[in-house]
Amino acid sequence: MTSTASFWLVKSEPNTYAFADLQRDGRTVWDGVRNNVAALHLKAMKRGDQVLFYHSQIGLEVVGIAAVTREAFLDPSDTAGRFVAVELETVRALPRPVSLAEMKAAPALAEMAMLRLSRLSVSPVRPAEWSKILAMAGDAGG
DNA sequence: GCCAACGTTGGC
DNA sequence: GCCAACGTTGGC
């Protein structure tokens with residue numbers, strides 16, 4: 001069977017919700033996104049899509065992999081009913097984190113959406129970028 | 001702590 | 001509908 005999963009990257013401040021929290025919880029509702037472009041990406045996520053988990057503000061590195069377990073639904077934290085959330089589950093921590101500096105220094109990642117639009121909290125990752133980052137992390141699964 | 005980038009708001 | 005002011009994000 002051919003895989004049709006897509007790849008994404010989400011940012012979270014570890015002070016607020018770290019990858020370790022996702023590992024503890026198993027699954028979590030990814031809500032609170034209040035940016036239209038990010039919301040479009042959330043709406044495009046399909047069950048089974050793979051997601052890089054990035055720590056913003058503190059750490060500044062990709063630390064783990066999550067997967068989409070529930071496709072976009074109205075964000076329960078948005079009383080205006082305008083934005084959506086998805087549900088994510090933990091997959092695995094990376095053998096070693098990949099820092100923002102490393103990603104910036106990698107020519108293969110020069111066009112990554114998260115590097116070009118630094119404030120975007122949910123962004124697409126191309127298959128080649130996904131493979132590159134997992135290779136940089138020493139993760140054989142990419 | 002500062003600043004750049006970018007989105008939103010509100011006066012006109 | 002324009003655009004200046006303001007707020008937020010996130011890297012440095």
Side-chain angles (χ1 to χ4, degrees), chain A residues 3-142:
Chain A
S3 170
T4 54
S6 298
F7 302 113
W8 309 94
L9 180 146
V10 298
K11 294 179 179 179
S12 185
E13 293 184 38
N15 275 347
T16 304
Y17 196 83
F19 188 69
D21 295 317
L22 180 61
Q23 291 181 298
R24 178 199 63 215
D25 296 343
R27 295 185 177 189
T28 195
V29 171
W30 206 257
D31 61 1
V33 173
R34 294 292 182 272
N35 172 280
N36 287 309
V37 176
L40 281 175
H41 295 143
L42 288 180
K43 288 176 185 172
M45 288 184 181
K46 298 299 179 191
R47 186 185 301 266
D49 281 1
Q50 303 287 107
V51 182
L52 293 172
F53 196 109
Y54 174 82
H55 282 169
S56 62
Q57 311 284 357
I58 298 169
L60 309 187
E61 57 194 9
V62 177
V63 294
I65 298 173
V68 177
T69 48
R70 189 177 167 197
E71 295 175 11
F73 52 96
L74 276 180
D75 184 338
S77 74
D78 176 19
T79 53
R82 185 175 162 209
F83 289 103
V84 296
V86 297
E87 184 188 70
L88 300 180
E89 69 176 359
T90 184
V91 174
R92 63 182 180 274
L94 294 176
R96 81 187 125 71
V98 178
S99 72
L100 178 65
E102 286 177 272
M103 289 191 282
K104 282 184 169 178
L109 303 180
E111 293 184 23
M112 262 191 89
M114 71 98 56
L115 296 179
R116 296 178 76 105
L117 274 173
S118 67
R119 288 180 60 223
L120 193 55
S121 59
V122 182
S123 60
V125 177
R126 294 170 178 162
E129 294 165 345
W130 178 272
S131 299
K132 176 66 176 173
I133 290 169
L134 263 57
M136 292 165 78
D139 187 301

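All of these numbers come straight from a predicted model, not from anything done at the bench. Every chain is numbered from 1 and lettered A, B, ... according to where its sequence line falls, protein lines coming before strand lines.
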Novice: Which residues pass the ring-ring contact (aromatic ring centres under 6.0 Å, His included) test with A:Phe53, sequence neighbours left out?
Specialist: A:Phe19, A:Trp30, A:His55
Novice: Once you build an axis from the first five pairs and another from the last five of the helix from B:dG1-C:dC12 to B:dC12-C:dG1, how far apart in angle are they, to 10 degrees?
Specialist: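 About 10°, once rounded to a multiple of 10°.
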Novice: Holding to salt bridge (Lys or Arg N to Asp or Glu O under 4.0 Å), I want the full list of residues that pass it with A:Glu13, two or more places apart in sequence or in another chain.
Specialist: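 None.
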Novice: Would you tabulate the pairs of protein nitrogen or oxygen atoms and nucleotide nitrogen or oxygen atoms of nucleotides 3-9 of chain C closer than 3.5 angstrom?
Specialist:
unit_1: C:dT8; atom_1: O2; unit_2: A:Arg119; atom_2: NH2; d: 3.0
unit_1: C:dT9; atom_1: O2; unit_2: A:Arg119; atom_2: NE; d: 3.1

Novice: Rounded to whole angstrom units, what separation is found between the CG atom of A:Leu60 and the P atom of C:dC12?
Specialist: 7 Å
Novice: Who pairs with A:Ala39 by side chain to side chain contact (heavy atoms under 4.5 Å, CB included), at least two apart in sequence or on another chain?
Specialist: A:Phe83
Novice: Sequence neighbours excluded, which residues qualify as side chain to side chain donor-acceptor pair (under 3.5 Å) partners of A:Glu102?
Specialist: A:Ser99
Novice: Any chance you could lay out the side chain to side chain contact (heavy atoms under 4.5 Å, CB included) test for A:Val51 and A:Ile65, step after step, and finish with the verdict?
Specialist: CA-CA 6 Å; A:Val51 182; A:Ile65 298 173; over 6 Å; no
Novice: Starting at atom CD of A:Glu61, determine the distance to atom P of C:dG11, rounded to an integer number of angstrom.
Specialist: 12 Å
Novice: I'd like to check the side chain to side chain contact (heavy atoms under 4.5 Å, CB included) partners of A:Ile58; sequence neighbours left out, ordered by chain and number.
Specialist: A:Pro14, A:Asn15
Novice: Sequence neighbours left out, what passes salt bridge (Lys or Arg N to Asp or Glu O under 4.0 Å) with A:Asp21? Give chain and number order.
Specialist: A:Arg24
Novice: In whole angstrom, what separates A:Met103's CE from C:dG11's C1'?
Specialist: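 Spelled out: CE on A:Met103 to C1' on C:dG11 is 12 Å.
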Novice: Using a 4.0 Å cut-off on heavy atoms, which residues in residues 34-45 of chain A reach DNA chain C? List them by number, or say none.
Specialist: none
Novice: Donor-acceptor pairs under 3.5 angstrom involving side-chain atoms of residues 108-120 of chain A: please list them, not counting sequence neighbours.
Specialist:
unit_1: A:Glu111; atom_1: OE1; unit_2: A:Arg126; atom_2: NH1; d: 3.4

Novice: Pairs in or reaching into residues 60-77 of chain A: which pass side chain to side chain donor-acceptor pair (under 3.5 Å), with residues at least two apart or in two chains?
Specialist: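 Those involving residues 60-77 of chain A are A:Arg34-A:Asp75, A:Arg34-A:Ser77, A:Thr69-A:Glu87, A:Asp75-A:Ser77.
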Novice: Flag the pair A:Asp49 / A:Trp8 as yes when at least one side-chain heavy-atom distance between them is below 4.5 Å, and no otherwise.
Specialist: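 Result yes, sub-4.5 Å side-chain heavy-atom pair found.
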